[in-house]
Amino acid sequence: MSELSPQVRRRRTFAIISHPDAGKTTLTEKLLLFSGAIQIAGSVKARKASRHATSDWMEIEKQRGISVASSVMQMEYRDCVINLLDTPGHQDFSEDTYRVLTAVDAALMVIDAANGVEPQTRRLLQVCRARNTPILTFVNKMDREVQEPLNLMDEIERELGMTVVPFTWPVGMAKFFGGVLDLRKDQMRVFRPGEDRVAGDEEVIEGLANPALAERFGAAYEQSAGEIELVREAAPAFDETEFLAGRQTPMFFGSAINNFGVQEVLDALVDLAPAPAARPSIQRTVDPDEKKFTGVVFKIQANMDPAHRDRIAFVRVASGKFERGMRLKVVRSGKELRPNTVVTFMSQRRELLEEAFAGDIIGIPNHGVLQLGDTLTEGEALQFTGLPFFAPEMFRTVEVADPLKTKQLKAGLQQLGEEGAIQVFRPAAGSVLMLGAVGQLQFEVVAHRLEHEYSCKARIAPARYNVARWVTCSDENGGDKELQRFIDHNAHRVAFDAVNAPTVLLEYAGELRAMQDNWPKIQFHALREHAGLVFQKQMDG
């Protein structure tokens with residue numbers, strides 16, 4: 001055991017995931033509230049109010065009441081350091097969410113009790129399952145008209161392919177919602193509509209078989225008691241190994257907006273979520289309590305502070321101890337960094353950081369030196385893997401409305417491309433830049449940010465392309481020469497992305513199949529990893 005082990009064991013790093021409008025950002029806010037990190041919570045729904053959710057800081061988020069960027073917050077609770085990452089729920093920003101999920105050790109899945117499992121929940125779960133990420137489930141909005149808890153439990157098991165183990169169970173719902181039975185502590189926490197602050201005087205009734213419960217809650221309690229009996233007979237006991245493998249999920253009920261059920265989830269995160277584990281790199285597996293620092297850039301955010309036009313690289317510490325001013329090597333470029341203004345986050349509020357350990361998320365201000373997926377070390381040549389970029393499904397051309405602002409457009413698009421907010425393509429032939437995205441909302445956000453952050457009004461128009469694939473050629477097939485021959489022959493439909501990886505843009509899937517037949521030595525990829533260093537072969541049949 002190294003001297004760093006006690007610090008590593010204190011860390012809990014997790015992401016909150018959900019379909020839009022399930023209450024994810026509200027729950028994030030209430031977790032901060034219950035941990036003591038903030039004293040008053042901002043409601044996401046109060047869009048026109050002066051107070052907004054701590055984790056929604058971007059202007060467009062305040063206008064629309066949605067999260068379009070991932071936020072990072074650090075807090076201390078019960079002698080644990082919790083790194084909490086709030087992700088965009090909207091599917092148009094799923095790439096950002098996928099990349100965030102590579103930086104966490106567990107996920108908290110929020111489900112709307114009225115709507116059950118929704119499409120974006122399924123998608124995010126697939127990413128978590130692919131990485132065997134442990135998942136805790138919070139069923140939200142129990143104080144509204146919702147589905148029966150047994151039906152919800154059944155749906156989660158069926159749709160997500162996981163065994164569900166209830167840790168709490170609701171008594172009644174909607175206007176008859178009385179509170180939740182805590183199956184671990186054998187007590188009931190009685191519901192009282194919450195506020196922006198933690199009241200600290202919640203009513204708790206000891207013993208689930210306490211006659212006072214039947215007397216007070218009548219038929220609702222009788223029904224819940226019967227359901228719990230069923231569940232205890234049918235559901236397996238909690239199994240830590242199954243949970244850590246992502247095959248079993250503890251389930252909690254509550255109402256985040258009313259502060260209800262939040263305490264139980266926060267305690268469970270500390271008790272159940274794993275501390276940072278070893279992380280694979282191409283060269284070797286890196287243990288978190290190794291002495292030497294290593295970390296990976298999983299997110300870049302431009303203009304978190306519009307007054308300073310800054311770009312922050314979010315780095316997940318994988319091993320060792322970070323100290324301000326230490327020498328770090330950017331493995332991709334070989335450049336050396338000595339970051340002195342490294343920050344830790346409370347959403348957009350930041351504090352200068354002196355030290356950090358495995359599991360922590362640190363922010364390094366930089367001007368284009370760091371890219372998504374970069375590995376930082378104290379000198380060792382390592383490359384962490386698994387940071388995905390997906391081939392876009394929608395394309396637009398982008399031009400500047402005022403020719404005098406061309407420089408601002410290029411600078412803005414370069415930074416937004418590096419950030420991963422949008423994919424920017426530079427055609428091999430021609431000067432009009434192309435934008436690629438997963439969803440329409442990404443284009444709207446980029447247009448808004450170009451105008452408000454870079455003072456540059458852009459004309460974004462439909463493009464004829466619908467399919468993109470990154471192209472490579474292995475050495476045994478002629479390598480760079482064959483790839484260059486392909487690019488020259490298809491110059492009218494080849495473009496280069498933010499890291500100069502060549503990409504072919506096509507109108508129809510049929511064209512792709514014909515191209516694969518005509519160019520058998522070229523590999524076509526629907527997914528690329530950082531800087532073109534690693535491509536996952538994903539051929540389309």
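All values below come from the heavy atoms of this structure, side chains included, with hydrogens, waters and symmetry mates left out. Fair warning: this is a prediction, and the values are worked out from it, not measured in the lab.
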If only atom types and distance count, is the side chain of [X] paired as donor or acceptor with the main-chain N or O of [Y] below 3.5 Å?
{"X": "T249", "Y": "I135", "result": "yes"}
{"X": "H452", "Y": "H448", "result": "yes"}
{"X": "D497", "Y": "A501", "result": "yes"}

Does a side-chain N-to-carboxylate-O contact under 4.0 Å join [X] and [Y]?
{"X": "E378", "Y": "K291", "value": "no"}
{"X": "E76", "Y": "R12", "value": "no"}
{"X": "R10", "Y": "D79", "value": "yes"}
{"X": "E354", "Y": "R324", "value": "yes"}
{"X": "R144", "Y": "D112", "value": "no"}

How close do [X] and [Y] get, heavy atom to heavy atom, and via which atoms?
{"X": "F384", "Y": "A318", "result": "CZ-CB, 3.6 Å"}
{"X": "Q147", "Y": "N115", "result": "NE2-C, 3.6 Å"}
{"X": "V297", "Y": "A313", "result": "CG1-CB, 4.1 Å"}
{"X": "I312", "Y": "G363", "result": "CG2-CA, 3.7 Å"}
{"X": "A22", "Y": "V110", "result": "O-CG1, 3.6 Å"}
{"X": "G246", "Y": "M162", "result": "O-CE, 3.5 Å"}

key: Identified side-chain hydrogen bond (donor to acceptor under 3.5 Å, both in side chains) counterpart of R316 within the set N83, T294, D105, T102   =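 That would be D105; it is the only one of N83, T294, D105, T102 passing the side-chain hydrogen bond (donor to acceptor under 3.5 Å, both in side chains) with R316.
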
Rounded to the nearest 0.5 Å, what separation is found between the [atom1] atom of [X] and the [atom2] atom of [Y]?
{"X": "D267", "Y": "R78", "atom1": "CG", "atom2": "CZ", "result": "5.0 Å"}
{"X": "L269", "Y": "E264", "atom1": "CG", "atom2": "CD", "result": "12.0 Å"}
{"X": "Q74", "Y": "T13", "atom1": "CD", "atom2": "OG1", "result": "8.5 Å"}
{"X": "Q187", "Y": "L208", "atom1": "CD", "atom2": "CG", "result": "8.5 Å"}
{"X": "F293", "Y": "L376", "atom1": "CZ", "atom2": "CG", "result": "6.0 Å"}
{"X": "K30", "Y": "Q263", "atom1": "NZ", "atom2": "CD", "result": "13.0 Å"}

task = Not counting sequence neighbours, which residues clear side chain to side chain contact (heavy atoms under 4.5 Å, CB included) with E242? List them please.
result =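 Here the qualifying residues are D239, R247, Q248.
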
key: Under the side chain to side chain contact (heavy atoms under 4.5 Å, CB included) test, residues paired with K321 that sit two or more places apart   =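 Residues passing side chain to side chain contact (heavy atoms under 4.5 Å, CB included) with K321: L4, E323, E355, F357.
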
Side chains of [X] and [Y] in contact at under 4.5 Å (non-hydrogen atoms):
{"X": "V296", "Y": "Q383", "result": "no"}
{"X": "I361", "Y": "F298", "result": "yes"}
{"X": "V165", "Y": "V231", "result": "no"}
{"X": "T385", "Y": "S281", "result": "no"}
{"X": "M153", "Y": "P166", "result": "yes"}
{"X": "V204", "Y": "E206", "result": "yes"}
{"X": "R11", "Y": "P276", "result": "yes"}
{"X": "L353", "Y": "D360", "result": "no"}

task = Please lay out, stage by stage, how I17 and L108 fare under the test side-chain contact (heavy atoms from CB on, under 4.5 Å).
result = CA-CA 6 Å; I17 60 174; L108 175 56; over 6 Å; no

task = Evaluate the criterion side-chain contact (heavy atoms from CB on, under 4.5 Å) for residue pair Q371 and R332; output intermediate values, then yes/no.
result = CA-CA 9 Å; Q371 293 180 357; R332 170 185 51 83; 3.6 Å; yes

request  = Decide side-chain hydrogen bond (donor to acceptor under 3.5 Å, both in side chains) for S2 and D289; before the verdict, give the C-alpha distance in whole Å, the side-chain angles of both, and the deciding distance to 0.1 Å.
outcome  = CA-CA 6 Å; S2 91; D289 44 11; 4.5 Å; no

message = The criterion is salt bridge (Lys or Arg N to Asp or Glu O under 4.0 Å); which residues satisfy it with R338, sequence neighbours excluded?
response =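 Result, salt bridge (Lys or Arg N to Asp or Glu O under 4.0 Å) vs R338: none returned.
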
task = For E159, look at atom CD and say whether over 12 heavy atoms of other residues, nucleotides or ligands are found less than 6.0 Å away.
result =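 Above 12, so yes.
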
message = The test is side-chain contact (heavy atoms from CB on, under 4.5 Å); show your working for V331 and D374 and say whether it passes.
response = CA-CA 7 Å; V331 174; D374 272 350; over 6 Å; no

task = Assess the pair Y77 and F34: is the distance between their ring centroids shorter than 6.0 Å?
result =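 No.
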
query = Is the distance between the ring centroids of F138 and F252 less than 6.0 Å?
reply =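 That pair fails the under 6.0 Å test.
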
request  = Could you check whether the rings of F238 and F243 sit parallel, tilted or perpendicular, using 30° and 60° as the cut-offs?
outcome  =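 Correct class here is tilted.
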
query = Would F253 and F260 satisfy ring pair (Phe, Tyr, Trp, His ring centres under 6.0 Å), going step by step from the backbone distance to the final call?
reply = CA-CA 8 Å; F253 291 87; F260 212 76; over 10 Å; no

message = Quick one, M188 with V171, criterion side-chain contact (heavy atoms from CB on, under 4.5 Å). Give me CA distance, side-chain angles, the key distance, then yes/no.
response = CA-CA 9 Å; M188 177 174 175; V171 174; 3.8 Å; yes

task = Any chance you could lay out the salt bridge (charged side-chain N to carboxylate O under 4.0 Å, His left out) test for E155 and R122, step after step, and finish with the verdict?
result = CA-CA 12 Å; E155 184 183 1; R122 285 189 204 95; 5.3 Å; no

